[in-house]
Amino acid sequence: CVEGILVQDWVRSSRLLALIDCEEDKALFIYTCNKTPVICADDITLEAALPIKGDFICNIESESSMALPGADVPVRITTNETDVLFELPFGSKTSHFFSQIKQAIGNFLQQTSQGRPLSFQWVERYRLCIEESQQSGTNDLFGFDKFQPASTAQPHTVEKTPPPAQQDPDDLAFEDNFADLRVSQIDSGSEGPPGLSPGMRESQGSSYGSRESFTTSSTEENLVDVGSGSVTGVMKTMGSAVRPVGVRDGIVKLHMSKRESEFTVLKPFRIFIGTWNVNGKSCAEDLGPWLACDAEPPDIYAVGFQELDLSKEAFLFNDSPREEEWLRGVYKALHPRANYKKIKLIRLVGMMLIVFAKHELASYITDVAAETVGTGIMGKMGNKGGVGVRLVFHNTTFVFINSHLAAHVEEYERRNQDYNDICSRMLFKDFGSPLHISQHDAIFWLGDLNYRISELSADEVKGFIRKDMLRDVYEYDQLNRQMRIQKAFIGFTEGEINFLPTYKYDSGTDSWDSSEKNRAPAWCDRILYRGESIRQLKYRGHMALKISDHKPVSSIFDVQVKTIDEKRYKKVYEDVIRQLDRLENEFLPQVSLSKLEFVFSNVMYKEEQQQSLSVTNSGQVPVQFEFINKLDENKYCKPWLEAEPSMCFIMPGDKVEVKFIVLVDKMSASSLNAGEKLEDILILHLDGGKDFFISISGNYIPSSFGASIEALVRMHGPIREIPIELLFQMESDPSNSQQVEPFQAFDIPKEVWMLVDHLFRNGTKVAHLFDQGGLHKNFFVDHACIHLNLHRFIAGSIHSVAEALLEFIAALREPVIPYVYYQKCLDCSNNFVLCKQVLSQIPRSHRNVFKYLTAFARELLLYKEESKLHEKTLATLLGELFLRPPPGKEVLQVPPNRRQAAIQQIARKKASFVYNFIVNEYDE
Amino acid sequence: MAKKTYDLLFKLLLIGDSGVGKTCILFRFSDDAFNTTFISTIGIDFKIKTVELQGKKIKLQIWDTAGQERFHTITTSYYRGAMGIMLVYDITQPKTFDNITKWLRNIDEHANEDVERMLLGNKCDMEDKRMIPKERGESIAREHGIKFLETSAKSNVNVEKAFMTLAEDILRKTPQKDSNPDSSSVSVHKETSSRKSGCC
Ligand SMILES: Nc1nc2c(ncn2[C@@H]2O[C@H](COP(=O)(O)OP(=O)(O)OP(=O)(O)O)[C@@H](O)[C@H]2O)c(=O)[nH]1
Ligand SMILES: [Mg+2]
């Protein structure tokens, strides 16, 4: 099991790869990390389960070199359905994992060749689970019920993480648009992010390839038992799970580093590197001949010691009085012509590294960090290993590694391994993603690397040295050989060695080891470097220091450091911000509309008109639009208007037709009759973007539908022949009439008379007169007749006429029983005398209509046999028509559980009110 | 180099009669460009621009409104979210200046009480067609206790200054939050917090 980074087009996100085996067959499970570090099963979600069978290919991408120690290993995994690229951390875990996969593939081939094909049925189960959860769109953590890793289920780690605190939405509203967008695109997986132009995607993809921002962090080992299967080991990432490109800080940083050359100037600085294995001795010697032997004072010192303290205390508790002693010794011996400040000291047992810088340069040094890696006993202890300090000097990153690698002549492979371990385990934290050694501009590696001279005896070596044939000896130097065959320190350079081997001397002398062991002299102590702008000036041993069995080594370098030109930095920075602003503006939702103004002319009652608006997503991102309410309104448009759809999602480049439907019905007719204009402005709102105002206007042809009884009785001709202003005046002030009215008002509206008269003549014996809706088409013909030509004979079926009558009564601006009498009528509905009393109070024209219609009802009931009408049915029908609750009182103020009963009760009261008048003769 | 991209978000609003140059002023500020063709704004649009003030990065989200009379009742509903309002008239059109009092009343009625206001007399490049002397702008601004500048979106006069002044005034009374420069946690929140729509 290994953790890695999934490389998608433009985003890297961490994944956990696990090789699961169940009986014979193996599969690779890929988990997404919901949270890092991964602590419990809830933190990961199964994303894919790939059975390792014939189509499974797992290869290290060859074109990327593995030359960088500590660099991630690109691994491509392909099956018939999948093709994914991962970056796995460099190191033994990955190679072990890799070899296990190879083994699994081999196993599969072997099994099938022996005629025992593997079923992989258990894998299918998981694959089905994945499909289900992906279809349902939820982030179900399926599979874990059977799959709970026992050893990670410790109670204290299985806590659910609290949801992340909400950011103050105002602060980041627009950032959010951006970030969300990206996240959702990541979710959309292999389709690739919608809405990004290919060029854009490419540039961001490549820029995010920068190792600076995305790397794996430290890894931990953990053994996990998984149900019936077994996992060999788990490594965890501490990087963040998903890194959407939309997060602007990252982008700014990235753009700045891409344009670094525009605002930096290279300036040379002098670096002194020194290393000495002091063999546990105390600092009893002047270090000046080693540290201050040059004319010019260096700008930065990095001084490393090994075997600073060989005591048990130092080994067990990492506690040593020698630290202070040697620090003072070094400090005293630094170049006298400059003042130095200690930047960092780091020690692991006997390995100590101190970095100094000239006082005046200290303020240009930032982001200092130090780490240690032990590779000694059990591969962990600090008797061997390395310590490192990294820092940023001006705009150039430096790292210094002081290491003490495994001893003994024949152990050179162990030394290689120690080097590799230090590379993969030395991670500098607190800088977003943890930084590897290889991620620095200038790398200096010093220390007792312990590589010896192979194949030559001690005497042969000494013989060459006596003859001044150092080059011949160097041919047998193990480090030289290992570097040449690329087994260690790949990419590093070492200067030519013109100094005597630094090991092993009799302490206090310059003479070779005279002990029984008679060790062959060797260049144990070395200084290597890596980086483009480094020039080595000196590389030497210092024979004058004698207290140890090693001689110290030092080297002087000139490094071209990128210094920031503040003015240019600011300019570039502003430019980057401006570009990002522009990008963000361009990425706001955009649509183009075919039209912003719509005119509906000659709109008539119950005659629908439609016009359409095309909305095209002309922006770069998916858009959701919606018609939103104006302030203090509870619908986005007037009652006679409808937009369809009123909310929609459009992909970039796509187009949607929105229909505007104008339909005046009994709900809206009366206010239009009363002079309200057919006018509205709709707000089309883009989610996360701008709003458009769409104007709708038109003219309504007044209809007797929706008019008031008072106005109707005063109109002798068709309503359309009445001047509009007069009509509005009559509608807005129905009671006051006399001065405008040239003739006597009718008793009842002529339309009512006409319809009833027609029904009376032709329909009294027709069955189910009111139950059976007439055909709609006929209805329109009828009602056009009603207001166009009064005297024309009404055409159409008798049922349509009946329906027209009901519609007409229902549409009356004020119901037959005016609103103010509504409650009174309900209250006295079971008392005929009281009912009559109320009726006598309502305006005369209303009373006339009421009387006329109830009389007609009584007439119909005379032909009960044929008309199949009953008193109760008619009473219910007319009750609903005559008695309408006043506007605003339509909704009953009763608890929901009693609402149904209340509604029925009111309907009963309405019916019984009318019933009184159709079973009894009534006259004033 | 690892600075936060911005510390604050300010919402600004441009209002004033149709044709005074609101859209042009915004376009000049955000894209440093100018267009002579008049396309009246039918709705509400916005642009963003990041500026630096007193060492703080401030994201300005500037809303441009439709100036046409028929939209006034609708546009007033957008006032509420604004922290700063830029009220614009055209120095060559007396009518647009006369309407300033009406716009100011609108602000009183519909905007947040503590909104920062600023008056701009635009098109000051057209000196020959000037109808409103600068002093009149100054005096009405003084009367209402707000700042005043004459601007030209066309020849880029005072546009940047106007926005910076307004932003500064808002910044001045913004309580300084204890900004914890924990950029990593901020980015996590950014990813998870829900998107916000509209201005009001
Ligand atoms: N000479 C000159 N013309 C300008 C200036 N600013 C804007 N204009 C012109 O004035 C006209 C209207 O400008 P807009 O910015 O579209 O007006 P607006 O205030 O946004 O109008 P609405 O969107 O209808 O509210 C355009 O033709 C511009 O070219 C300016 O500073 N000088
Ligand atoms: Mg505009």
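Predicted model only: the values in this text are computed from it and were never measured. In what follows, chains are A, B, ... by sequence order, proteins preceding strands, each numbered from 1.
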Practice task
Evaluate the criterion side-chain contact (heavy atoms from CB on, under 4.5 Å) for residue pair A:Glu584 and B:Lys59; output intermediate values, then yes/no.
Solution key: CA-CA 12 Å; A:Glu584 194 169 339; B:Lys59 188 172 189 172; 2.7 Å; yes

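Taking each heavy atom of B:Phe71 and A:Ser695 in turn, the nearest pair found is CE2-OG, 4.0 Å. The shortest heavy-atom contact between A:Phe693 and B:Ala66 is CE1-CB, 4.1 Å. The shortest non-hydrogen separation linking A:Lys690 to B:Asp45 is NZ-OD2, 3.3 Å.
Annotation: B:Lys161, atom NZ; neighbour count of heavy atoms from other residues, nucleotides and ligands within 6.0 Å does not exceed 12. Other residues, nucleotides and ligands contribute only 12 or fewer heavy atoms inside 6.0 Å of the CG atom of A:Asn634. For A:Lys571, the NZ atom counts as loosely surrounded, since its 6.0 Å shell holds 12 or fewer non-hydrogen atoms of other residues, nucleotides or ligands. Within a 6.0 Å sphere centred on OH of A:Tyr364, heavy atoms belonging to other residues, nucleotides or ligands number 12 at most. Sparse packing is recorded around NZ of B:Lys154, with 12 or fewer heavy atoms of other residues, nucleotides or ligands lying under 6.0 Å away.
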Using residues 13-27 of chain B as the side-chain source, report each donor-acceptor pair under 3.5 Å to any protein atom, sequence neighbours left out, with the distance given to one decimal.
{"unit_1": "B:Asp17", "atom_1": "OD1", "unit_2": "B:Asn99", "atom_2": "ND2", "d": "3.4"}
{"unit_1": "B:Asp17", "atom_1": "OD1", "unit_2": "B:Trp103", "atom_2": "NE1", "d": "2.8"}
{"unit_1": "B:Asp17", "atom_1": "OD2", "unit_2": "B:Asn99", "atom_2": "ND2", "d": "2.6"}
{"unit_1": "B:Lys22", "atom_1": "NZ", "unit_2": "B:Gly16", "atom_2": "O", "d": "2.8"}
{"unit_1": "B:Lys22", "atom_1": "NZ", "unit_2": "B:Asp17", "atom_2": "O", "d": "2.9"}
{"unit_1": "B:Thr23", "atom_1": "OG1", "unit_2": "B:Thr41", "atom_2": "OG1", "d": "2.8"}
{"unit_1": "B:Thr23", "atom_1": "OG1", "unit_2": "B:Asp64", "atom_2": "OD2", "d": "2.6"}

Review item, side-chain donor-acceptor pairs of residues 107-120 of chain B, under 3.5 Å, at least two apart:
{"unit_1": "B:Asn112", "atom_1": "ND2", "unit_2": "B:Arg80", "atom_2": "O", "d": "3.0"}
{"unit_1": "B:Glu116", "atom_1": "OE2", "unit_2": "B:Lys173", "atom_2": "NZ", "d": "2.9"}
{"unit_1": "B:Arg117", "atom_1": "NH2", "unit_2": "B:His144", "atom_2": "O", "d": "3.3"}

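To the nearest 0.5 Å, the span separating CG on A:Leu596 from OG on B:Ser40 amounts to 10.0 Å. Rounding to the nearest 0.5 angstrom, the gap separating the CD1 atom in B:Ile42 from the CD atom in A:Glu597 is 7.0 Å. Here A:Arg582 contributes atom CZ and B:Asp31 contributes atom CG; the two are 8.5 Å apart, rounded to the nearest 0.5 Å. Atom CG of residue A:Leu580 and atom OG1 of residue B:Thr50 lie 8.0 Å apart, to the nearest 0.5 angstrom.
Classification of A:Lys570 and B:Glu52 as a salt-bridged pair fails, no side-chain N sitting under 4.0 Å from a carboxylate O.
The backbone N or O of B:Lys47 sits nowhere less than 3.5 Å from a side-chain atom of A:Asn585 that would complete a donor-acceptor pair.
Looking at A:Ile683, only its side chain comes within 4.5 Å of chain B, counting heavy atoms on both sides. Of the atoms belonging to A:Glu626, not a single heavy atom falls under 4.5 Å from chain B.
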